[in-house]
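Notes for the one structure printed next.
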Amino acid sequence: MMDKTFEPAAIETRMRALWDEVQAFKAGRPERLGAKPYSIMIPPPNVTGSLHIGHALNNTLQDVLCRFERMRGRDVLWQPGMDHAGIATQTVVERQLQDRQEPDRRTMGREAFVERVWAWKAESGGQILDQLQRLGASCDWSRTRFTMDEGLSEAVLEAFVSLHKAGLIYRDKRLVNWDPGLGTAVSDIEVVSVEMRGSLWHFRYPIEGEPGRFITVATTRPETMLGDTAVAVHPNDERYRDLVGRHALLPLVGRRIPIVADAYSDPDKGSGAVKITPGHDFNDFEVGRRHALAVINIFDAGARLAIDGNTAFLEDAAPEDGVLALHGLDRAEARKRVVALMDERGLLEKTEPHTLMVPHGDRSNAVIEPWLTDQWYVDAAKLAGPALDAVRDGDTSFHPKSWEKTYFDWLENIQPWCVSRQLWWGHRIPAWYGPDGRTFVEKREAEARAAAEAHYGRAVDLRRDEDVLDTWFSSGLWAFSTLGWPHATPELARYYPTSTLVTGFDIIFFWVARMMMLSLFVTGETPFKDVYIHALVRDEKGAKMSKSKGNVVDPLTLIDDHGADALRFTLAAMAAQGRDIKLSVARIEGYKGFATKLWNATRFLRMNQCRRDPTFEPGAACEVLSRWILGESSKAVAEVTGALDAFRFNDAAAAAYRFVWNVFCDWFIELAKPVLQGEASAARTETRAVAAAVLDDILKLLHPFMPFVTEAIWGYGTAGEDGEPARETVLALALWPRPAPPDRAAEAEIGWVIDLVSEVRSFRSEMSIGSQPLALSLVGATPAARARAEAHRPMIESLARLSRFDFVDGAPAAAAQLVVRDTIAAIPLAGLVDATAERARLSKEKGKLDADVAKIETELGNENFLKRAKEEAIEAKRERREDALMRLGAVARALDRLASIE
RNA sequence: GGGCGCGUAGCUCAGCGGGAGAGCACUCCCUUGACAUGGGAGGGGUCACAGGUUCAAUCCCUGUCGUGCCCACCA
């Protein structure tokens, strides 16, 4: 027997053990090898990660799909795993070394440090996988992969080498986004612009050969002037026309720099003349290229001034006293000093307050410095073509479709992807350099040696590239590397391309687009058929939740407090929202109530011997109530199925909720009580079986959303009572119900009963009658109506709380009259309410009906409406008019009768 | 500067061409043997604003206002 109260925590632990025991989530179960595969690759969480609310949403939706497809009989692979998260993990371990006052990474050396990271992973990495299981994620946990494990590392090497051989990966020296905090290059999408308040300094640069004449340039970054190699003005700018081709003398540095005409310069900005620093500004770099300007790097890897002994800086320069003393200063300090020096020399024209967008590293939050270095790049523009075509041609579809525009816009304007990182934790780039700097890219050192030997004609010493790859490079291979690629495994053949990718829009660029590009290049196939993009869970201000802001809602706490099922149901029900979800705890509480409701309804059915009957055939049900609830159940099955097929998680959840609570519990169980609690009869036997059968369908419908409570109620492995057969399988592997056609006659009949009961309840409440029993008479009922009333008499008497229920020919005097479809029900007023109250009630109803009828009449009187509207629309309107008129007539007659009594 | 959203009941949000919905909150009634984590009945909305298309607009189009996000190389 079930526990009296619903305790999610206990159930969750037990069900996890059960699924584990029967290996419910294992892909490739022998009995399903003939079935169509369905596969989802989990967006691999960071190994350093712990479950946040975004993961909870993302994985709930994936789990809903996987459980749904599994119950439809598909062979489901939900591939789990983790990402090595280069920067995040290296940072965590470095911090740990610092906290424990151990030698830092440079002191311990690369090999020891990497070993240390592995040790950290073994000890405290990957807690998130257990947390996902607490959420109920039905991944095939036996297949868990890690981007740094052996197989995936091989895939990375293979992909890198073949991209290189195809000329799609190359090494280049150009400006990169340098993160001085982390000491590594990052890609452009890892840079976020932050609005900051700063100043705009106007500097005077003396014109060569014309003492006393200056050209004024405005800058937000005074310290970079040390690296200036030109001043640019617009070709059409009259003010400066005579200066083009001449030179300015860079103050403090004494460098002679040309004044060039370039359309990049905007006459309306600042002074119209702009200082050009090709070494530390992306635009200036381009200007420099057009005018063959020198590129001077004035910073070291930590963005400190590196000018002393800097040959590029010192060439053709004669730094003033004190300038070389700035060597080693941080950017911010250098800025102050440069401004002060310029001011002292009377070369600071003015300083204006200015707001500007400053690039920051998304991980480190350090100000990014454009810096000239050698890095590895992926030729993304070339890879983008097939990735664009795949979506344009519909091989891959986004849901909602509107995200395709975002995807197209980005790929159409894509820049080379910088994939090298100056870190130690990650996939080391398989490139070796010969004595002359020649590069050999091979999967293994031995192959590189062989290639080098072939090239040089002798064995030479090779030096391996120090850098590792961007974490997103290995994530980009995830769709197939997890299945064993580059080996032709049976899993690869069976589950790739995958079915659906579920992710948030914030990683369309980072991950989705790159998986598309890399998968298409490597496998020639689009990695997934459908991409479902869900909302981001944000805080109440619409900001991303983050630990540093302290605005996170911990899903594990929510699970502790309300149960995983309630959290999951809430997330699924809210999945429709556009781009923001503001999670409401009240809503979660509400859905916990839903799980409790299901629990208690089940208890009631068990108490009333509603057992599954294997011989029961739903199609052969005789009772109207049976046929009705079976029809309603079918409707719910169709709704939930259709909604899930279309990724409308919220509609699916709402349809299931409505059916279970508002139809099954509120009406079916209540209507069935007289039979269930009555004497033995064929009707009782049938009702019990029907109740059990519909409950089974309910458990199935809800299982994708609330796996724990439904599996617990399903009761696999627990003894059936009173000869009830034991379950053949766990619910997770049971088959999804198939809808049957609804029974219109039963629908009309039970609908009438429900309306009658509702009318009586409404009357009782409006008239403040309380709970005392009422006498009710059907007035002038047709034989059919009479038969119907008789058939359901026990239900009606019990739900409407009637002391008497009979039939009369004419309306009794001093009685309230209720209109129920085509029937009038009369309740004697004597001793209950006075005629005034009843007249008020009827008048109110009449008012509503009058307004309704008037509105419909107007529409039906409109010729254009009749001429142009759809047939169904007109017909529906006519039906509404008939119904309203009928009710209005009854109400009017009742009012007349009241008047005649008084 | 471009792009994409959103403005619907007190709150959080669904709906998106033909009768305005849910959860929570609120009011009233009900401890009837599944559930008071409950049951029943209610109140509450010119669906941001202004035009337009249509027989018909919360829903489609245009604009305005408010609000949020993404992208962008501006001194």
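So that the names make sense, note that chain A is the first sequence line, chain B the second, and so on, each numbered from 1.
A:D284 comes within 4.0 angstrom of nothing in the nucleic acid, heavy atoms only. Among the atoms of the strands shown, none is found under 4.0 Å from any heavy atom of A:G198. A:K867 comes within contact range of no nucleotide atom at all, as no heavy-atom separation falls under 4.0 Å. No contact: A:K592 has no heavy atom under 4.0 Å from any strand. Contacts of A:T219 with the nucleic acid, taken as non-hydrogen atoms under 4.0 Å apart, involve only primed sugar atoms and P, OP1 or OP2. At the heavy-atom level, A:Q677 lies under 4.0 Å from the strands shown only through sugar-phosphate atoms. Within the 4.0 angstrom heavy-atom criterion, base atoms lie near A:S265. Residue contacts shown for A:Y264 include a base, since a base heavy atom lies under 4.0 Å away. A:W661 comes within 4.0 angstrom of the backbone, heavy atoms only, and of no base. Residue A:G590 is classed as having no contact, given no heavy-atom separation below 4.0 Å to the nucleic acid.
At the phosphate of B:C13, OP1 or OP2 sits under 4.0 Å from a side-chain N or O atom of A:K582. Taking side-chain N and O atoms only, A:K4 has a distance below 4.0 Å to OP1 or OP2 of B:C35. Of the side-chain N and O atoms in A:T570, none sit less than 4.0 angstrom from OP1 or OP2 of B:G23.
A search for side-chain hydrogen bond (donor to acceptor under 3.5 Å, both in side chains) contacts involving A:R174 returns nothing, not counting sequence neighbours. In terms of the side-chain hydrogen bond (donor to acceptor under 3.5 Å, both in side chains) criterion, residue partners of A:R239 (sequence neighbours excluded) are, by chain and number, A:D237. The ring-ring contact (aromatic ring centres under 6.0 Å, His included) search around A:W410 returns A:F509, not counting sequence neighbours. Not counting sequence neighbours, A:F659 has no partner by the ring-ring contact (aromatic ring centres under 6.0 Å, His included) test. With sequence neighbours left out, the side-chain hydrogen bond (donor to acceptor under 3.5 Å, both in side chains) criterion links A:H360 to no other residue. With sequence neighbours left out, the side chain to side chain contact (heavy atoms under 4.5 Å, CB included) criterion links A:A692 to A:R612.
Remark: the separation of the C1' atoms in B:A14 and B:G63 is 28 Å, to the nearest Å. The separation of B:U12 from B:U53, taken at their P atoms, amounts to 36 Å, rounded to a whole angstrom. B:G17 sits 16 Å from B:G5 when the P atoms are compared, rounded to a whole Å. Nucleotides B:A22 and B:C30 are separated by 25 Å at their P atoms, to the nearest Å. For the C1' atom pair drawn from B:C29 and B:G21, the interatomic distance equals 25 Å after rounding to whole Å. Here, B:A72 and B:U67 have their P atoms 24 Å apart, quoted to the whole Å. With both ends at atom P, the span from B:C60 to B:C24 equals 29 Å, rounded to whole Å.
In RNA chain B, the stems built from three or more successive Watson-Crick or G-U pairs (distances below 3.5 Å) are B:1-7 with B:65-71, B:10-13 with B:21-24, B:26-30 with B:38-42, B:48-52 with B:60-64.
Residue A:K405 places no side-chain atom within donor-acceptor reach of the base of B:C4, judged by atom type and a 3.5 Å distance cut-off alone. Below the 3.5 angstrom threshold, one finds no donor paired with an acceptor across the side chain of A:E759 and the base of B:A41. No hydrogens or angles were tested; on distance alone, a donor-acceptor pair under 3.5 Å links the side chain of A:T596 to the base of B:U37.
For A:N283, counting side-chain heavy atoms from C-beta on, the closest listed nucleotide (B:C74, B:C69, B:A34) is B:C74. The listed nucleotides are B:C74, B:G15, B:C69; the one nearest the side chain of A:K269 is B:C74. Nearest to the side chain of A:K844, among B:G5, B:G43, B:A41, sits B:G43. For A:N650, taking side-chain heavy atoms from C-beta onward, the closest of the listed nucleotides B:C55, B:C4, B:A14 is B:A14.
Between A:F705 and A:F649, the ring center distance fails the sub-6.0 Å criterion. The aromatic ring centroids of A:F398 and A:W403 lie 6.0 Å or more from each other.
The list of salt bridge (Lys or Arg N to Asp or Glu O under 4.0 Å) pairs with a residue in residues 275-287 of chain A, not counting sequence neighbours, reads A:D228-A:K275, A:E286-A:R289. Residue pairs meeting the salt bridge (Lys or Arg N to Asp or Glu O under 4.0 Å) criterion with at least one member in residues 662-671 of chain A, sequence neighbours excluded: A:E670-A:K673. Applying the salt bridge (Lys or Arg N to Asp or Glu O under 4.0 Å) definition to pairs two or more places apart or across chains, those involving residues 186-195 of chain A are A:E190-A:R421.
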message: Could you walk me through whether A:Y657 and A:Y591 satisfy the ring pair (Phe, Tyr, Trp, His ring centres under 6.0 Å) test, starting with their C-alpha distance in whole Å, then the side-chain angles of each, then the deciding distance to 0.1 Å, before giving a yes or no?
response: CA-CA 9 Å; A:Y657 181 94; A:Y591 289 127; 5.6 Å; yes

task: Determine, stepwise, if the pair A:F647 / A:H399 fulfils ring pair (Phe, Tyr, Trp, His ring centres under 6.0 Å).
output: CA-CA 8 Å; A:F647 300 110; A:H399 309 269; 4.7 Å; yes

Protein-nucleotides 27-32 of chain B N/O pairs closer than 3.5 Å?
none

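Closest of all the heavy-atom pairs between A:G678 and A:R684 is O-NH1, 2.9 Å.
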- prompt: Reading nucleotides 17-22 of chain B from the 5' end, what letters show protein touch, with B for base, S for backbone sugar-phosphate only, - for no heavy atom under 4.0 Å?
  reply: -BB---

